[in-house]
Each structure stands twice: as structure tokens, then as C-alpha cells.
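In listed order, ligands and their atoms are each counted from 1. Basis for what follows: all heavy atoms, side chains included, without hydrogens, waters or symmetry-related copies.
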Amino acid sequence: MEINTVGVIGLGYIGLPTAAILASKDVKVIGVDVKPSNIEAINRGDVPFVEPDLATYVAGAVQQGTLRATDTPEPADAFIIAVPTPFQGDHEPDLSYIESAAKAVAPQLQGGELLILESTSPPGATRKMAEWVLEARPDLSLDGADGRPQIHVAHCPERVLPGRVMIELVTNDRIVGGLTPEAAQMAKDLYAVFCQGEILLTDAVTAEMAKLVENSFRDVNIAFANELSLIADKLDIDVWELIRLANHHPRVNILQPGPGVGGHCIAVDPWFIVDADPEQARLIRTAREVNDSKPQWVIDQVVAAVQGIEAPTIAALGLAFKADIDDLRESPARRIVADLADRLPHAQIVVVEPHIETLPPELANRRNIRLDNLAEASKAADVTVVLVDHTEFKERLGAGELSGTDIIDTRGIAR
Ligand code: SAJ
């Protein structure tokens, strides 16, 4: 079946770029979002968040008439579901957004359509999505049984890096897992419209796990580096020198320790594997725990460093979840600053974050936290804690700035 019209459900960090790139290839795209301000912005040709080059694609597609945003799904040949999958309770996946999307799409189906789940999902979520659709539409089927028209369901996880989305959508290889081989092949044909990477076919659960495993691999390896940083501190050796030396071995490649793991993927996805098999996923769970406990260790180090100083000033360098971005969501640095302000009410905390103009809500209006530049922070600080390895910090600390203060360096840039 030829796919001329695609409904994209969820116009966020993944849905909107996917919608825009398909529309740029002359596919008619109907984008669906629950947020009226997003719909209005997109229909004006604007993008409601920052992602390089995306604005050009969206403005072009809206002007060409190939992309339109609305609040309810409409009939289409294929649907791509790109909604959030956060966790709830004790790190259990929350599939309620997928369920709502499935129920919203179901009334639009006639049979023959392709449904793709793009959201990062726990194993079994694609089948669950199909079940929600078929509950609402018992007249349809996955296999054509009893003469009921078929729908084709596949999982195609996104793997693009924020900041490089428009490039990586085209160049990355993709994994496509079908509930049936036919569904996988149909999804491959659709992605081939814009994806120049290899498109690899498998079943839906393997595709779900592949995405989770990629991020867990990284989490486990960062946890190894973070654990080494604690051991090195006990032994009074430099963990960065240790890792640099060990990495000279041809088959060793240790990642970097830090103040903890931030972002909305690596700190979340491994829990989906733990939830799927709590008994066996021991290493994956421990890695999460090691990485999640690192911010507390950093806080304890700062508290120890200011002991005995009557009214200490602490310079906190960086709030973003990683270097050279302005994204503060799920950032360990943010948690460390907030907790320090609670633990040390008599201290002044000067936050330096060159990528923002105002502090996030939970840090703003706190008597003992202020945002300032590096020069001012450097003048005032008794103790400096490096939380993000922004290029600007690397250059200026490398040039000896802040060398007069006691430095707790969670990123290894002040040496
Ligand atoms: N970090 C360290 N030490 C390191 C590397 C990273 O502490 O050696 C920390 C970072 O500071 C940050 C966190 O880990 O707080 C995550 O950063 P990241 O750059 O490793 O990854 P993300 O979250 O920006 O994007 C990841 C990518 N996944 C992989 O590299 C396997 C991306 O390709 C995925 O598309 C994305 O997750 C996602 O959406 O799942």
C-alpha cells in the first residue's frame, strides 16, 4: 500500500521533527497535539522549542501545505505515535499517553493502515498498544482472521541526539520491529522516504529492548566511572588520570565520572528493563542506584569543604544536564544546588550558567542562591564546585581562573 498521508500523534522533541521531515518529502502530514499553544505555533510555521534547523523545515512544510497541526486524529494511511513514556510510582512505566493515543486513533481506522509506536517503550508496549486499538475496534484484526480487515503495527524507536535531530534523523541507522513481518516491511518503506541509514528489521519486542539496551549500556558504563571516582577519592588518587591511563589499553574504554546522570532518557530507560525482569536485572538496577547516589556524594563533599567557614560563599559552575546545552531538565546539578541551599542556610551559593538568563523556579527567590558570571563568582568563592563541563568553563579554568579557591571538580576540567 502506498502511504500518502501520515498522522503524527505527539508533536514534541521527536514527533515534530519526524512530521516536518516527512512533510518535506511531499508526504501529507497531519500532526496532532493536546496543547493548543503548540498547535497554533506550528500552524503559524513556528517551533515551540529549540532544535537547530527544525524551524526551517516546519516553516517550509506549513507554507507548502504538507504539514498541518490539529487536536484530533484524522483518517490517514499511517500513524506515528510519539508521546511521552515517563515512569510512575516505584519506577514503573506509565503507558497512559500511549493508551490515550491508541484510543484516539482507533475510530479513524478503516483497515489496511500502518501504526508505528516511536516512543521509548518497555517490552510488550507495542503489542499492548495494538490491543488497545483492537479493544476499541473489534471489527479489525492483526492477521485478517475471520475476514476482519487488518491493521499493521510496528515499533521504531527514535535514537537521535538532541541538538542534532535533523541530521541524525537522516543519517542514523534505524531498528524497525513489527508485530508481523509485513508490518515491519511497511514501516521500513515509510522511513526510507527520509532515512539514509540502514533500516534493520526485527520483531517488536526486540526493537523495544534494543533502544532500552543502548541507553542502559551507557548508564552501566557511566556508573562504573562514577564508582571508580569514589574509590579513587578514598585512595587519594586522581580518577581522570587513572581512567586516561587505563584507556590506553586497546580493549578498554571507560567513560567519564560526573555529578550524576541527567536527561530524560539514560536515567529513565534502564528502569523499564528492571521493571520487566527485576530478578535478573541486577547490574542494570545497581548502575541506576550508583548514578542516582552520586549527587548526594557531591553534596557531602561540598558540606565538608565549607566546614569551619562562618559564612561561606560557594560557586556552583553549571546547571545543565550536560555540556554546552541549555537543557536543565532532570539535571543532577540542579538538585545539588537546591540541596546545598537547604543543608547550608548560612552559605551564599553563586550559580554560574552561561546558557540561561534566569534561574529555574525552585532555585529562584531563594535568599541564599543567585545567578552571576564566572568572574564575579570567582572573586567571591571560598569553595567552587564544578558541575558541568561547558567549553567556556574548560577554557577559563584551564587558564587558571578560580585557582585561588578550593575546587571540587566533578567533571575533571580544573586540573
Ligand atoms: N554522562 C556522564 N559521563 C559520560 C557521558 C555522559 O556522566 O561519560 C552524563 C551526561 O553528563 C548527562 C547524561 O550522562 O548527564 C546523559 O548524556 P548523554 O550525552 O550520554 O546522552 P543523552 O541523554 O543526551 O542522549 C541519549 C543518547 N543515547 C546514547 O548515546 C546511547 C541518544 O542517542 C538517545 O537518542 C537519547 O539518549 C534518547 O532519546 O534516548
Inset, instruction - Look at ligand 1 and say whether E158 reaches it with a heavy atom at a distance under 4.0 Å. - result: yes
Inset, instruction - Pick out which of L245, V239, I243, I237 makes a side chain to side chain contact (heavy atoms under 4.5 Å, CB included) with E241. - result: L245
Inset, instruction - May I ask whether L161 places a heavy atom under 4.0 Å from ligand 1? - result: yes
Legend entry - Distance-only donor-acceptor check, side chains T206 and D203, under 3.5 Å: yes
Legend entry - Distance from atom 12 (C) of ligand 1 to nearest protein heavy atom, with residue and atom: F321 O, 3.3 Å
Inset, instruction - Please determine if K211 and E214 form a salt bridge, counting it only when a charged side-chain N lies under 4.0 Å from a carboxylate O. - result: no
Inset, instruction - Classify the ring geometry between W271 and F87 as parallel (under 30°), tilted (30 to 60°) or perpendicular (over 60°). - result: perpendicular
Legend entry - Nearest neighbour in protein (non-hydrogen) for atom 13 (C) of ligand 1: G262 O, 3.6 Å
Legend entry - Closest approach of any protein heavy atom to atom 5 (C) of ligand 1, naming residue and atom: R218 NH2, 3.5 Å
Legend entry - Geometric N/O contact V160 with ligand 1, under 3.5 angstrom: yes
Legend entry - Enclosure of Q88 CD (heavy-atom neighbours >12, cutoff 6.0 Å): yes
Inset, instruction - Starting from atom 36 (C) of ligand 1, locate the nearest protein heavy atom and write down its residue, its atom name and how far away it is, to 0.1 Å. - result: C265 SG, 3.7 Å
Inset, instruction - Tell me which protein heavy atom sits closest to atom 21 (O) of ligand 1, plus the residue, atom name and distance to 0.1 Å. - result: I266 CD1, 3.4 Å
Inset, instruction - Taking atom types as modelled, find out whether K294 and T410 have a side-chain donor-acceptor pair closer than 3.5 angstrom. - result: no
Legend entry - Derivation of the side chain to side chain contact (heavy atoms under 4.5 Å, CB included) call for V27 and T5: CA-CA 6 Å; V27 175; T5 311; over 6 Å; no
Inset, instruction - Return the residue, atom name and 0.1 Å-rounded distance of the protein heavy atom closest to atom 29 (C) of ligand 1. - result: N215 OD1, 3.5 Å
Inset, instruction - Could you tell me whether ligand 1 has any atom less than 4.0 Å away from a heavy atom of K211? - result: yes
Legend entry - Donor on one side chain, acceptor on other, H390 and E353, under 3.5 Å: yes
Inset, instruction - Determine whether the aromatic ring centres of F321 and H264 lie less than 6.0 Å apart. - result: yes
Legend entry - Identity of the nearest option to atom 9 (C) of ligand 1, non-hydrogen atoms only, from N291, I222, I14: I222
Legend entry - Taking atom 33 (O) of ligand 1 as the reference point, the nearest protein heavy atom with its distance: R159 O, 3.2 Å
Inset, instruction - Flag E214 as yes when one of its N or O atoms lies below 3.5 Å from any N or O atom of ligand 1, and as no otherwise. - result: no
Legend entry - Pair T171, Q196: side-chain N/O donor-acceptor within cut-off below 3.5 Å: no
Inset, instruction - Determine whether any heavy atom of R164 lies closer than 4.0 Å to an atom of ligand 1. - result: no
Inset, instruction - Please work out which of K322, Q256, R411, E330 has its closest non-hydrogen atom nearest to atom 4 (C) of ligand 1. - result: Q256
